[in-house]
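In what follows, a structure is listed as structure tokens, so that the remarks can point back to it.
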Amino acid sequence: MPRTEHSGSPSVTRERSPPPSIEHVDTIAQAAAALPVDEVYNISLQNKERCHIYSMECYEQMYHRSIKDSDNFWRDIAMSTLRWLHPFTKVQGGDMHPEGDVSWFINGKLNVCDNCVDRWAEVAPERIAIIWEGDDPQHTQTITYKALLNRVCKFANMLKRLGVRRYDTVGIYMPMIPETIYAMLACARLGAIHSVVFAGFSAPNLRDRLIDAHCKIVITADQGIRGGKIIPLKNIMDEALKECPLVDTCVVFQHQGQAINWIEGRDVWGHEMLDGMRPYCPLEIMDSEDLLFMLYTSGSTGKPKGIAHSSAGYLLYTALTFKYVFDFHPGDIHACVADVGWITGHSYIVYGPLCNGATTVVFESVPMHPNPSRYWQLCERWRVSQFYTAPTAIRALMIHGTEWVENHDLSSLRVLGTVGEPINPEAWRWYYEVVGKSRCDIVDTYWQTETGGHMLTPLPGAIKCKPGSATRPFFGVEPVILDSKTGKPLHGNNVNGVLCFRRPWPGMMRTVYGDHERLLNVYLRPYPGYYFTGDGCVRDKDGYYWITGRVDDTINVSGHRLGSAEVEHALVQHKGCSEAAVVGYPHSVKGTGLFCFVTMNGDYEVHAGTTKELRDIVRKEIGPIATPDYILITPTLPKTRSGKIIRRLLRKIAASETDSLGDLSTLGEGGDQVVHTLIQEAKKLT
Ligand code: WT7
């Protein structure tokens, strides 16, 4: 990627449809060949009859209805699951063609906050809505539904007082504390659109997102804390706001209490202002299709997309998947230990659980703090019934041995979930045997920021598991595997191609905020009539789905999607760097690690600290999650005659798969030598 100017301006970059290329097919075929041998687990819960979906027949029947009688299926569920202020007049409109704009529960009116808070505060005011456990396990808080309603109303009144109105966008850059959840729900109450930015992102990243979302008001805290490490959120926000002329208000919550800079007239103390607010706030009557929030995610190009979700469809879909996939029953304590800065937190810490009137755990810390028992302490202490994490965390914990799990009473656990990346069978078995004592259901849930909720997943009580497979589609989901070259559907079992969805589901993203064309170009135009996920996939002999990984230029690091272009853009910010190419390679804990190939300007003198400088620049530009694992400084990169970097080769070199480099004839003059040198250099590095 050539050196470019700062991407701070909200200029619109158009993304072209990824032309399905040979490279992709290569990757898929390779991944498919590596699928583990068949191993089927028929997990029977002690109380199988207790499960909502208690048998395969039950699943198949319901699934069949969700596809063949879709309107009635979704009408019944929408009517019985949500509280409507005005019923909808049509179940669904549109289809997957670019001009077929998808909509659900047309003309229906509701309020998402009413569904998640008010109705439970009415029927079960004393039920615990939120259990908060701070970074320091001594710090905890429980919040009943009644108290939640009180806080959210005060919060909404504060936002109103600060000028927030329906359809305004509100930036949230917060630690994992209850105020963050109040902020999201208060926005929903007012019909404002929230845009949560993960509190591990750097100032430039935060700035770009706030600008793109047109935020006028932002909410943050003095500092966050994770694993004992202080994160200076307000400082980072100050830095970002230097280039966000639209933002006129910054609400600050006191969390760690360390000194911060203060800009009079712009900054306000949240807790002080909340104290003065009335705990009653009328709700806004919103349309089903009004946007609830946006959340940025990386794409093939450098500019992240503001994935925007609807009110009714999103809420219903997260509520329903929450209920069935985690087999939720009243009284269950649900712990999803993701961060609300990601879709997992939006859907399965906040909206899905609260819409079911569940008790949800908000966990501020990390799995290793103060020791590798932390998750299991959490589960024991709060009698957690469903626990949801990422394969990366499981792999990291496995290294420390089973003793950290064994001395905890985990008898309350019933369902263990994973999300974010394929889980390797070894980690799956460890989760199943060591954590679940071979009596809990494991749900490997495949989905995306764009899908709003689970798409492929086992259902406890119904679907047998195969470690490493996300198994079957959820209700209403119709997966199709296309031949990536021809774009034709591959029918039957034992097929391997790219994963698409044929029919709209309620939780589907509705637009890319401010750039609807991008939704069409990235998801709907590559294979007309289908939503394209960007993932490779195999349907095995039993009709089970196996995700083989991304087929676009995004890299899934520890369950977080990063664009290679984003990392490359950060690297070329270094004054000496002229070109960068970043690829993923198999990493034992992160799933995929970042391998960066860079070339430096001729007049730049590489010194002992250059690699560190490059690494630091990526951390500064994006955040610690994008820290490169390897940086290889090289005189040239392998390119085609027309000057395109051949990533396929770089991936092979990074993965040390140099016996099978494939066709090298596309390389330009002297290409063989370039590749040979790279292989030697990479060997030295790894
Ligand atoms: C990408 C979406 C969904 C919330 C967390 C990540 C990969 C996700 C699985 C899974 C295999 C998975 C896919 C997908 N992915 N879950 N269970 N098995 N791969 O959200 O950042 O939107 O990333 O994560 O590649 O496209 P995201």
Side-chain angles (χ1 to χ4, degrees), residues 24 27-28 30-36 198 200 297-298 300 336-339 341-344 366-368 372 375 388-400 416-432 435 442-449 454-457 466-470 499 533-538 545-564 566-567 582-596 618 622-630 647 650-657 686:
H24 297 160
T27 332
I28 301 172
Q30 220 176 11
L35 287 187
F198 172 56
T297 184
S298 300
S300 299
C336 163
V337 290
D339 191 284
W342 310 106
I343 191 71
T344 310
V366 290
M368 305 295 171
Y375 278 168
Y388 196 28
T389 189
T392 293
I394 300 169
R395 287 191 293 261
L397 289 167
M398 276 169 74
I399 296 172
H400 296 271
L416 299 172
T418 69
V419 58
E421 44 176 334
I423 180 165
N424 48 314
E426 200 192 346
W428 192 100
R429 280 184 225 110
W430 194 84
Y431 205 26
Y432 177 64
V435 180
I442 306 284
V443 288
D444 170 2
T445 60
Y446 165 83
W447 57 298
Q448 309 178 298
T449 306
H454 305 144
M455 297 299 279
L456 303 173
T457 174
K466 296 188 188 184
S469 165
L499 178 65
T533 60
D535 284 304
C537 186
V538 164
Y545 291 84
W546 301 74
I547 302 298
T548 53
R550 302 289 309 182
V551 297
D552 55 8
D553 286 327
T554 63
I555 307 171
N556 191 327
V557 180
S558 304
H560 301 308
R561 201 188 328 169
L562 292 169
S564 17
E566 260 178 288
V567 185
V582 177
V583 297
Y585 73 97
H587 185 286
S588 61
V589 174
K590 299 178 180 182
T592 318
L594 294 179
F595 202 117
C596 311
V618 178
I622 305 175
I625 54 166
T627 308
D629 294 280
Y630 291 110
R647 284 163 192 282
L650 295 180
R651 275 189 210 112
K652 297 239 173 185
I653 294 169
S656 316
E657 286 168 5
T686 57

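Looking at heavy atoms from C-beta onward, Ile399 lies in side-chain contact with Val589 at the 4.5 angstrom threshold. Contact annotation: the side chain of Gln448 never approaches that of Thr297 to less than 4.5 Å [non-hydrogen atoms, C-beta and beyond]. Side-chain contact check for Leu499 versus Ile547: some heavy-atom pair is nearer than 4.5 Å. Contact of the Ile653 side chain with the Tyr585 side chain is not registered, since no non-hydrogen atoms from C-beta on lie closer than 4.5 Å. Using a 4.5 Å heavy-atom threshold, the side chains of Leu397 and Trp430 count as touching. You'll find the side chain of Val582 stays beyond 4.5 Å of the side chain of Pro628, heavy atoms only. Using a 4.5 Å cut-off on side-chain heavy atoms (C-beta onward), Thr686 and Tyr630 make contact. Here the side chains of Arg550 and Asp535 are in contact, with some heavy-atom distance below 4.5 Å.
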Margin query: Before you tell me yes or no, could you show the steps for Val557 and Leu594 under side-chain contact (heavy atoms from CB on, under 4.5 Å), namely the whole-Å CA-CA distance, both residues' side-chain angles and the distance that decides it to 0.1 Å?
Written below: CA-CA 8 Å; Val557 180; Leu594 294 179; 3.8 Å; yes

Checklist line | Residues Thr445, Tyr388; criterion side chain to side chain donor-acceptor pair (under 3.5 Å); working and verdict | finding: CA-CA 10 Å; Thr445 60; Tyr388 196 28; 2.6 Å; yes

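Judged by distance alone, the side chain of Asp629 and the main-chain N or O of Phe595 form no donor-acceptor pair under 3.5 Å. With Tyr446 contributing its side chain and Pro422 its backbone, the two residues share no donor-acceptor pair below 3.5 Å. Judged purely by atom type and a 3.5 angstrom limit, Asn556 uses its side chain to pair as donor or acceptor with the backbone of Gly420. A distance-only check finds no donor-acceptor pair linking the side chain of Thr418 to the backbone of Ala390 [under 3.5 Å]. Remark: side-chain polar atoms of Ser298 are paired, donor with acceptor, to backbone N or O of Arg561 under 3.5 angstrom.
Remark: the Glu421 side chain and the Thr392 side chain contain an N/O donor-acceptor pair separated by less than 3.5 Å.
When all heavy atoms are compared, the tightest approach of Gly417 to Tyr431 is O-OH, 2.9 Å. Contact record, Cys537 with Thr548: N-OG1, 3.4 Å, taken as the closest heavy-atom pair. Considering every non-hydrogen atom in both Pro624 and Gly200, the closest pair reads CD-O, 3.4 Å. Thr627 and Lys590 get closest at one heavy-atom pair: O-NZ, 4.1 Å. Gly468 and Trp428 get closest at one heavy-atom pair: N-CD1, 4.0 Å.
Note that OG1 of Thr344 and CH2 of Trp447 are 4.0 Å apart. Values are rounded to the nearest 0.5 Å. Rounded to the nearest 0.5 angstrom, His560 NE2 and Asp339 CG are separated by 8.0 Å. In this structure, CD on Glu566 lies 12.0 Å from CG on Asp553, to the nearest 0.5 angstrom. From Ile394, atom CD1 reaches atom OH of Tyr432 across 14.5 Å, with rounding to the nearest 0.5 Å. Put simply, CZ on Arg395 and CD1 on Ile423 are 7.5 Å apart, with the number rounded to the nearest 0.5 Å.
Salt bridge annotation for Asp552-Arg647: absent, with no cationic side-chain nitrogen under 4.0 angstrom from a carboxylate oxygen.
Ring orientation note: the planes of Trp342 and Phe198 are tilted relative to one another, at an angle of 30° to 60°.
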